[in-house]
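Below is one structure, written out as structure tokens; comments come after it.
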Amino acid sequence: MSVFEKNTEEKLNGLLARAYDAEQGFTKAANQVESKALQRLFEQKANERNQFKAELEHELTAKGMDVTKYTGSFKGALHRAWMDTKALFSNADEEAMLEEVRNGEKVALEDYEDVLKETTLPASTINVLTNQKNKIEQSYNRANYLENAF
């Protein structure tokens with residue numbers, strides 16, 4: 001039996017889909033920029049999101065919930081297609097890639113805040129989500145800083 005309500009289960013699976021999308025987006029960004037430093041940053045972020053997926057899957061199964069296996073969301077696929085289009089017309093402009101990273105992280109922060117408002121979350125789930133949200137916030141702030149540097 002699940003300790004979560006169905007709505008919470010759906011929201012957590014939504015965060016899992018977002019982690020998958022972000023991992024794919026960071027991998028795509030790493031392949032589209034010339035800067036070795038940005039490539040490493042994007043690869044690190046892709047690995048971080050892979051870890052997020054593992055943590056979320058563990059949390060879902062530990063609480064008796066179903067884990068929805070994703071190949072990505074429609075919104076995530078659209079965002080990656082937009083990144084491709086932007087790269088095509090901007091010659092893989094690093095500033096454009098950082099802008100897309102920042103936009104994706106902003107939406108992720110909103111999604112995490114929405115789920116963290118749930119009153120039915122156990123402490124372990126709150127800890128996982130808060131840690132992930134803090135890392136996303138650091139990434140968002142770093143993307144802002146790096147974008148301003150270009």
Side-chain angles (χ1 to χ4, degrees), residues 4 7-63 65-88 90 92-118 121-150:
F4 294 117
N7 184 44
T8 304
E9 181 178 336
E10 290 170 2
K11 286 182 178 184
L12 289 173
N13 270 296
L15 292 180
L16 182 59
R18 173 158 295 288
Y20 177 87
D21 289 335
E23 178 186 22
Q24 297 300 308
F26 280 121
T27 299
K28 182 172 285 295
N31 292 327
Q32 292 180 341
V33 296
E34 292 181 20
S35 166
K36 295 296 181 196
L38 282 179
Q39 284 176 354
R40 282 190 300 277
L41 171 67
F42 293 150
E43 288 167 355
Q44 289 169 349
K45 291 309 207 178
N47 289 334
E48 177 183 79
R49 295 314 161 83
N50 188 32
Q51 181 63 36
F52 282 14
K53 289 184 333 192
E55 291 170 355
L56 288 167
E57 285 179 1
H58 173 75
E59 197 62 25
L60 285 161
T61 57
K63 303 300 187 271
M65 298 190 342
D66 291 327
V67 174
T68 305
K69 294 294 179 187
Y70 286 98
T71 58
S73 70
F74 179 70
K75 285 172 59 175
L78 284 177
H79 189 245
R80 288 189 298 277
W82 174 243
M83 288 174 68
D84 283 342
T85 303
K86 209 167 195 177
L88 177 67
S90 65
D93 179 8
E94 275 108 9
E95 185 177 358
M97 289 298 108
L98 285 167
E99 181 182 342
E100 289 310 309
V101 166
R102 188 192 68 211
N103 292 340
E105 297 294 60
K106 182 179 179 184
V107 173
L109 285 171
E110 293 167 359
D111 290 346
Y112 272 81
E113 288 169 6
D114 179 51
V115 176
L116 283 166
K117 288 179 187 174
E118 294 287 327
L121 295 174
S124 64
T125 305
I126 292 171
N127 288 337
V128 167
L129 297 180
T130 300
N131 288 335
Q132 290 183 359
K133 180 181 168 272
N134 289 341
K135 289 177 182 176
I136 293 169
E137 196 163 44
Q138 289 170 356
S139 178
Y140 176 78
N141 292 335
R142 188 170 186 189
N144 273 338
Y145 169 77
L146 290 172
E147 184 181 8
N148 290 331
F150 280 90

Going through the distances and angles, do Val101 and Arg142 end up as a side chain to side chain contact (heavy atoms under 4.5 Å, CB included)? CA-CA 10 Å; Val101 166; Arg142 188 170 186 189; over 6 Å; no
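- The two residues Arg18 and Gly104 make their nearest non-hydrogen contact at NH1-O, 4.0 Å.
- Going from atom CD of Gln132 over to atom CZ of Arg49 covers 8.5 Å, rounded to the nearest 0.5 Å.
- A side chain to side chain contact (heavy atoms under 4.5 Å, CB included) with Leu15 holds for exactly one of Leu60, Val128, Asp111, Asp114; it is Asp111.
- Checked by atom type and distance alone, the side chain of Glu137 never pairs as donor or acceptor with a backbone atom of Leu109 at under 3.5 Å.
- Remark: Lys133 NZ is packed, more than 12 non-hydrogen atoms of other residues, nucleotides or ligands lying under 6.0 Å away.
- With rounding to the nearest 0.5 angstrom, the CD atom of Glu55 is 9.5 Å from the CG atom of Leu129.
- With hydrogens and angles disregarded, no donor-acceptor distance shorter than 3.5 Å links the side chain of Glu43 to the backbone of Ala30.
- Rounded to the nearest 0.5 Å, atoms NZ (Lys28) and CD (Glu100) are 12.5 Å apart.
- No salt bridge links Lys106 with Glu99; every basic N to acidic carboxylate O contact stays at or beyond 4.0 Å.
- Side-chain N or O atoms of Asn13 include one that pairs as donor or acceptor with a backbone N or O of Asp66 at under 3.5 Å.
- Rounded to the nearest 0.5 angstrom, His58 NE2 and Lys63 NZ are separated by 7.0 Å.
- Here the side chain of Asn31 pairs a donor or acceptor atom with the backbone of Thr27 at under 3.5 angstrom.
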Starting from the C-alpha separation in whole Å, work towards a yes-or-no answer on side chain to side chain contact (heavy atoms under 4.5 Å, CB included) for Thr8 and Thr125. CA-CA 11 Å; Thr8 304; Thr125 305; over 6 Å; no
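- Put simply, CD on Glu59 and CZ on Phe52 are 14.0 Å apart, with the number rounded to the nearest 0.5 Å.
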For Glu57 and Lys53: C-alpha separation, side-chain torsions, deciding distance, then whether salt bridge (Lys or Arg N to Asp or Glu O under 4.0 Å) applies. CA-CA 6 Å; Glu57 285 179 1; Lys53 289 184 333 192; over 6 Å; no
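- By the side-chain hydrogen bond (donor to acceptor under 3.5 Å, both in side chains) test, Glu48 is found to be paired with Lys45, residues two or more places apart in sequence or in another chain being considered.
- The two residues Val115 and Leu121 make their nearest non-hydrogen contact at O-CD1, 3.3 Å.
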Show your working on side chain to side chain contact (heavy atoms under 4.5 Å, CB included) between Val67 and Thr61 and close with a plain yes or no. CA-CA 7 Å; Val67 174; Thr61 57; 3.5 Å; yes
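- Here the CG-NZ distance, from Leu38 to Lys36, works out to 11.5 Å after rounding to the nearest 0.5 Å.
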